Amino acid sequence: MSMLCRATARGLLVAQRPRLLQSAARGLSAGAKYEYILVERKGEGNSVGLIQLNRPKALNALCDGLMLELNKALELFEADSGVGAIVITGNERAFAAGADIKEMQNRTFAECFGGNFLSHWNRVAQTKKPVIAAVNGFALGGGCELAMMCDIIYAGEKAQFGQPEIALGTIPGAGGTQRLTRAVGKSLAMEMVLTGDRISAQQAKEAGLVSKVCPPDQLLGEAVKLGEKISRHSKLVISMAKEAVNAAFELSLAEGNRLEKRFFHATFATDDRKEGMSAFVEKRKATFTDQ
């Protein structure tokens with residue numbers, strides 16, 4: 001093949017890459033073969049990506065294979081322009097009862113430290129699209145940490161949250177001490193981490209960990225409805241809003257306000273901001289194009 005032909009082929013591949021990625025995401029996210037999770041699109045216009053943890057005999061314990069599959073599904077939904085929000089759930093008995101202890105039992109300090117053990121478990125928190133945790137049953141240890149990596153938590157009435165690692169001679173290792181403290185405050189977080197005690201869904205809501213409590217059989221439907229509602233807005237602006245809210249945990253008030261103002265100003269460079277304000281003035285429904 002000539003140099004010109006090769007260059008042309010490369011150019012075509014680069015030009016087609018976004019379309020190919022979206023096509024692959026639509027196909028694989030809904031139809032890929034997974035061992036530990038179930039993946040599909042739900043809601044109005046299939047606008048909500050659903051990831052269901054699927055190790056029922058192990059109460060959805062988070063093994064490394066499950067987390068790798070979860071990361072892959074998140075990447076595919078991120079690349080799918082038709083998906084505006086993602087829901088992660090388990091089953092009515094357990095969201096996830098913790099990390100897989102058998103998998104960790106014989107690890108050494110050198111293996112954990114040298115290999116940066118659990119580093120790839122943070123992928124959920126790095127997702128640009130909004131992620132909703134629909135928590136029924138146990139959300140303990142790594143399961144509680146996984147829920148807290150999500151942007152919004154809805155809980156079934158029988159859900160239980162806890163960080164019981166202290167009873168195993170260790171501490172949370174996927175953000176439990178940090179996210180829990182930011183969510184519920186120092187006193188309750190310290191009590192939960194030092195005792196391993198659980199809190200109920202209602203206590204979690206009162207403490208600010210959970211935003212809504214639902215009957216168990218209605219939980220997933222409510223989470224999908226929330227995802228649908230989010231998906232109707234501009235995906236571009238949604239990602240800006242999400243980043244601005246998350247920055248509040250990292251920045252001072254003055255720095256956070258400056259960042260917010262920059263994102264606010266940035267929306268004025270988008271077609272969606274023009275459409276949203278025009279629709280409001282003209283008393284009609286906005287049609288966003290994510291541009």
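Treat the numbers as computed from the prediction; the structure is a model and nothing was measured.
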Residues passing the side chain to side chain donor-acceptor pair (under 3.5 Å) test with Q291, sequence neighbours excluded, are none
| query | Using a distance-only test with no angle check, is there a side-chain donor-acceptor pair under 3.5 angstrom linking E228 and S231? | reply | no
Notebook entry, point to check: Can you find a side-chain donor-acceptor pair between H233 and D272 that sits under 3.5 Å?
Noted result: no
### Query
Any idea how F268 and F264 line up, ring-wise: parallel (<30°), tilted (30 to 60°), or perpendicular (>60°)?
perpendicular
Across all chains, not counting sequence neighbours, the side-chain contact (heavy atoms from CB on, under 4.5 Å) partners of T195 are E191, D197
For Q105, the side-chain contact (heavy atoms from CB on, under 4.5 Å) test, sequence neighbours excluded, returns none
**Report entry** Cation-pi, F288 ring and R232 (6.0 angstrom, 45 degrees)
**Finding:** no
Taking the side chain from E145 and the backbone from A174, do they hold a donor-acceptor pair closer than 3.5 Å?
yes
Distance-only donor-acceptor hits, side chain of residues 216-226, under 3.5 Å, sequence neighbours excluded:
from: E222; atom 1: OE1; to: K212; atom 2: NZ; distance (Å): 2.9

Acceptor/donor pairs from residues 84-96 side chains to any protein atom, 3.5 angstrom cut, sequence neighbours excluded:
from: T89; atom 1: OG1; to: A134; atom 2: O; distance (Å): 2.8
from: N91; atom 1: OD1; to: R93; atom 2: N; distance (Å): 3.0
from: N91; atom 1: OD1; to: A94; atom 2: N; distance (Å): 2.8

| task | Might you confirm whether atom CD1 of I171 has over 12 heavy atoms from other residues, nucleotides or ligands at distances under 6.0 Å? | result | no
Which of V245, I132, N246 passes side chain to side chain contact (heavy atoms under 4.5 Å, CB included) with D151? It is N246
Distance-only, no hydrogens or angles: does the T127 side chain make a donor-acceptor pair with backbone N or O of R123 under 3.5 Å? yes
**Message:** Taking R55 first and then D100, would you say they form a salt bridge - that is, a charged N and a carboxylate O separated by under 4.0 Å?
**Reply:** yes
Residues at least two apart in sequence or cross-chain that pass side chain to side chain donor-acceptor pair (under 3.5 Å) with N71, listed by chain then number, are none
